[in-house]
Student: 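Sharing a structure here in structure tokens format.
Hydrogens, waters and symmetry mates play no part in the numbers below; they use all other heavy atoms, side chains included. Computed from a predicted structure; not experimentally measured.
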Amino acid sequence: MRFTKAASIATLAVLSTPVIAGTIELGPRPYYLIDQMAEGPLKETLEACIGQPLRKTDFSIGHRGAPLQFPEHTAESYKTAALMGAGILECDVTFTKDKELVCRHAQNDLHTTTDILATDLAGKCTKGFSPADGSTKASAECRASDLTLAEFKTLNGKMDAADRNAKTVEAYMDGTAGWRTDLYATTGSLMTHAESIALFKDLGVKFTPELKSPSVDMPFDGFSQEDYAQKLIDEYKAAGIPASDVFPQSFNLDDVLYWIENEPEFGKQAVYLDGRRDLNPSDPSTFSPSMAELKAMGVNYIAPPLWVLLTLDEGEIVASAYARAANEAGLNLITWTLERSGPLNTGGGWYFQTVSDAIDGDGKVYEVVDVLAQDAGVVGLFSDWPATTTFYASCVGLK
């Protein structure tokens with residue numbers, strides 16, 4: 001994937017200066033995706049929008065920023081996502097040894113998302129680097145909770161990847177997929193949760209922090225799960241952020257219910273990330289708790305992976321029974337994650353598993369987005385490259 005020269009200049013500029021309100025730069029990807037589409041009404045609609053004014057939209061959610069090309073959960077990634085018109089940005093929240101909240105996708109991902117193994121802090125990792133040996137893969141485990149906040153902040157973010165066949169630290173760290181890039185990975189400024197709040201406020205976007213499952217036993221040095229969930233909310237209160245701008249998320253339903261009971265203004269928009277492994281999106285009898293039961297608990301937003309919301313009907317991509325049941329119960333649907341699968345010429349992998357027979361190339365991206373928005377009723381779509389979702393939402397008039 002390549003930027004045009006103009007888009008490259010704009011993207012580099014945003015890394016060192018604030019995003020100007022109202023300024024949106026998409027680069028070439030949305031137009032490439034449209035060009036790959038089969039002829040038809042949707043392609044004609046999208047083509048007619050090329051060159052038309054763009055707007056920031058809450059439908060477009062920056063998943064960890066813009067990690068298709070920038071190190072996730074870094075200032076650079078977040079600024080790029082805002083430049084592409086994402087109306088909501090995500091900080092996945094975990095905590096350090098001194099119980100400070102930071103933006104990381106997992107508490108134990110520093111060995112793949114930062115340069116820690118190449119620093120003196122490698123000795124503090126839960127498990128140091130172990131090279132590949134025969135059938136044994138290379139491994140390491142470095143947790144945010146292994147470090148104080150001051151130590152955490154000395155690290156540099158990199159693209160989330162590792163070469164499991166590596167025999168050296170350098171090779172292990174050099175595992176970025178060919179369809180991603182390390183072009184912008186030389187600088188990845190790590191952020192605390194509080195710093196992300198300040199940045200997102202300056203960027204004029206809304207907030208969707210995800211409370212990540214700890215890798216350590218809880219309570220951690222007296223820090224309970226409830227303390228953890230409360231501290232996340234408290235940092236928005238301290239920054240003067242209105243609850244209406246915050247969509248706290250968790251895969252742990254108990255976290256969502258905690259917010260609903262103890263922080264009802266924030267709980268109104270708490271998002272239950274539905275990762276239930278025993279769920280069949282075509283069989284409502286497997287929805288336990290049911291959509292109606294979730295709604296009765298006070299849940300208003302539910303967010304499964306995008307494949308859960310899709311199925312095939314005589315070869316056509318349509319909304320699943322899960323999507324219809326959520327709509328009938330009055331639940332708002334958010335889904336994840338677009339632009340995370342790489343090229344779609346081989347069926348799209350995990351994220352498209354229920355419709356893989358219809359996925360034969362990148363021209364299907366906007367067909368999927370259209371079904372999610374118009375048929376499944378999705379109100380927000382996480383993307384690793386928010387330009388894609390911003391263009392669609394701007395074109396068809398989504399909020």
Student: Is it the case that one hydrophobic cluster holds both Leu149 and Leu110, taking links as side-chain heavy atoms less than 4.5 Å apart, direct or via other members?
Tutor: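 Result: yes, single cluster for both.
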Student: Going by atom types alone, do Asp146 and Thr126 pair a side-chain donor with an acceptor below 3.5 Å?
Tutor: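 A pair is found: one side chain offers a donor N or O, the other an acceptor, under 3.5 Å apart.
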Student: Decide yes or no on side-chain contact (heavy atoms from CB on, under 4.5 Å) for Ile34 and Phe391, but give the supporting numbers first.
Tutor: CA-CA 11 Å; Ile34 294 167; Phe391 177 86; 3.4 Å; yes
Student: Show the nearest heavy-atom pair for residues Met37 and Lys43, with the distance to one decimal.
Tutor: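 The pair with the smallest heavy-atom distance is O-NZ, 3.1 Å.
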Student: Show me the side-chain donor-acceptor pairs of residues 352-362 shorter than 3.5 Å, one per line, residues at least two apart or across chains.
Tutor:
residue : atom : partner : partner atom : Å
Gln353  : NE2  : Trp350  : O            : 2.9
Thr354  : OG1  : Trp307  : O            : 2.7
Thr354  : OG1  : Leu310  : O            : 2.9
Asp362  : OD1  : Leu344  : N            : 3.0
Asp362  : OD2  : Tyr32   : OH           : 3.3

Student: Decide yes or no on side-chain contact (heavy atoms from CB on, under 4.5 Å) for Thr113 and Glu72, but give the supporting numbers first.
Tutor: CA-CA 8 Å; Thr113 64; Glu72 63 185 47; 3.8 Å; yes
Student: If you look only at pairs with a residue in residues 122-160, which of them pass as a ring pair (Phe, Tyr, Trp, His ring centres under 6.0 Å), with sequence neighbours excluded?
Tutor: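 Pairs touching residues 122-160 that pass the test: Phe129-Tyr172.
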Student: May I have the step-by-step check of side-chain contact (heavy atoms from CB on, under 4.5 Å) for Asp255 and Phe251, ending in yes or no?
Tutor: CA-CA 8 Å; Asp255 293 335; Phe251 280 99; over 6 Å; no
Student: Less than 4.0 angstrom from a charged side-chain N to a carboxylate O is my criterion; do Asp384 and Arg180 meet it?
Tutor: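 Salt bridge present between Asp384 and Arg180.
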Student: Which residue in the set His193, Gln107, His105 passes side-chain hydrogen bond (donor to acceptor under 3.5 Å, both in side chains) when paired with Asp92?
Tutor: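 Running side-chain hydrogen bond (donor to acceptor under 3.5 Å, both in side chains) over His193, Gln107, His105 with Asp92 returns exactly one hit, His105.
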Student: Give a yes or no on whether the backbone of Gly348 and the side-chain of Ser341 come within a donor-acceptor separation of less than 3.5 Å.
Tutor: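 Checked: pair present.
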Student: Quick check: closest heavy atoms across Leu190 and Asn156, and the distance to 0.1 Å?
Tutor: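 Scanning both residues completely, I find the closest heavy atoms to be CD2-C, 4.5 Å.
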Student: Donor-acceptor pairs under 3.5 angstrom involving side-chain atoms of residues 81-91: please list them, not counting sequence neighbours.
Tutor:
residue : atom : partner : partner atom : Å
Glu90   : OE1  : Arg64   : N            : 3.1
Glu90   : OE2  : Gln249  : NE2          : 3.3

Student: Say whether Leu372 and Val318 are linked into one hydrophobic cluster, either directly or through other cluster members, by side-chain heavy-atom distances under 4.5 angstrom.
Tutor: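 In one cluster: no.
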Student: Which of these, Thr114, Thr112, Thr176, sits in a side-chain hydrogen bond (donor to acceptor under 3.5 Å, both in side chains) with Asp160?
Tutor: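 Only one option passes, and that is Thr112.
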Student: Would you kindly say whether Ser244 and Gln269 are connected by a side-chain donor-acceptor distance under 3.5 Å?
Tutor: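 Per modelled atom types, Ser244 and Gln269 side chains form no pair under 3.5 Å.
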Student: Are any of the side-chain nitrogens in Glu100 or Lys153 under 4.0 Å away from the carboxylate oxygens of its partner?
Tutor: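 Result for this pair is no, no salt bridge flagged.
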Student: Quick check: closest heavy atoms across Ala48 and Gln52, and the distance to 0.1 Å?
Tutor: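 Result for this residue pair: O-CG, 3.7 Å.
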Student: Looking at every non-hydrogen atom in both residues, tell me the closest pair between Thr74 and Gly157 and how far apart they are.
Tutor: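 For Thr74 versus Gly157, the nearest heavy atoms are CG2-CA, 4.3 Å.
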Student: Parallel, tilted or perpendicular: which one describes the rings of Phe70 and Tyr184, with boundaries at 30° and 60°?
Tutor: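 Correct class here is parallel.
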Student: Is Leu279 linked to Ile334 within one hydrophobic cluster, defined over Ile, Leu, Val, Met, Phe, Trp and Tyr using a side-chain heavy-atom separation of less than 4.5 Å?
Tutor: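 Yes; tracing contacts between hydrophobic side chains, which count when under 4.5 Å, links both residues.
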Student: Could you tell me which residues satisfy side-chain contact (heavy atoms from CB on, under 4.5 Å) with Lys124, sequence neighbours excluded, listed by chain and number?
Tutor: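 With neighbours one apart ignored, the set is Leu121, Leu147, Glu151.
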Student: Pairs of donor and acceptor atoms involving the side chains of residues 322-332, under 3.5 Å and at least two apart or interchain, shall be tabulated with distances.
Tutor:
residue : atom : partner : partner atom : Å
Tyr322  : OH   : Asp274  : OD2          : 2.7
Arg324  : NH1  : Ala319  : O            : 3.2
Asn327  : ND2  : Ala323  : O            : 3.1
Asn327  : ND2  : Ala376  : O            : 3.0
Asn332  : ND2  : Asn300  : O            : 3.2

Student: If you take all heavy atoms of Ala393 and Phe59, which pair is closest and at what distance?
Tutor: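 Closest approach of Ala393 to Phe59: CB-CD2, 3.8 Å.
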Student: Is there a donor-acceptor contact under 3.5 Å from the side chain of Thr94 to the main chain of Arg104?
Tutor: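 Side chain of Thr94 to backbone of Arg104: no pair is present.
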Student: Which donor-acceptor pairs under 3.5 Å do the side chains of residues 258-266 make with protein atoms, sequence neighbours left out?
Tutor:
residue : atom : partner : partner atom : Å
Tyr258  : OH   : Gln230  : OE1          : 2.7
Trp259  : NE1  : Ala229  : O            : 3.1
Asn262  : ND2  : Tyr258  : O            : 3.0
Glu263  : OE1  : Lys237  : NZ           : 3.0
Glu263  : OE2  : Gln230  : NE2          : 2.8
Glu263  : OE2  : Lys237  : NZ           : 2.7
Glu265  : OE1  : Lys268  : NZ           : 3.3
Glu265  : OE2  : Lys268  : NZ           : 3.3

Student: Under 3.5 Å, is there a donor-acceptor pair between the side chain of Arg276 and the main chain of Pro289?
Tutor: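 Yes, because the side chain of Arg276 sits within donor-acceptor range (under 3.5 Å) of the backbone of Pro289.
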Student: Under a plain distance cut-off of 3.5 Å, with no hydrogens placed, do Ser320 and Thr311 share a side-chain donor-acceptor pair?
Tutor: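 No, because no side-chain N or O of Thr311 sits under 3.5 Å from a partner of the opposite role on Ser320.
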Student: Could you tell me which non-hydrogen atom of Ser250 sits nearest to which non-hydrogen atom of Val256, and how far apart they are?
Tutor: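 Looking at all heavy atoms of both residues, the closest pair is O-CG2, 4.1 Å.
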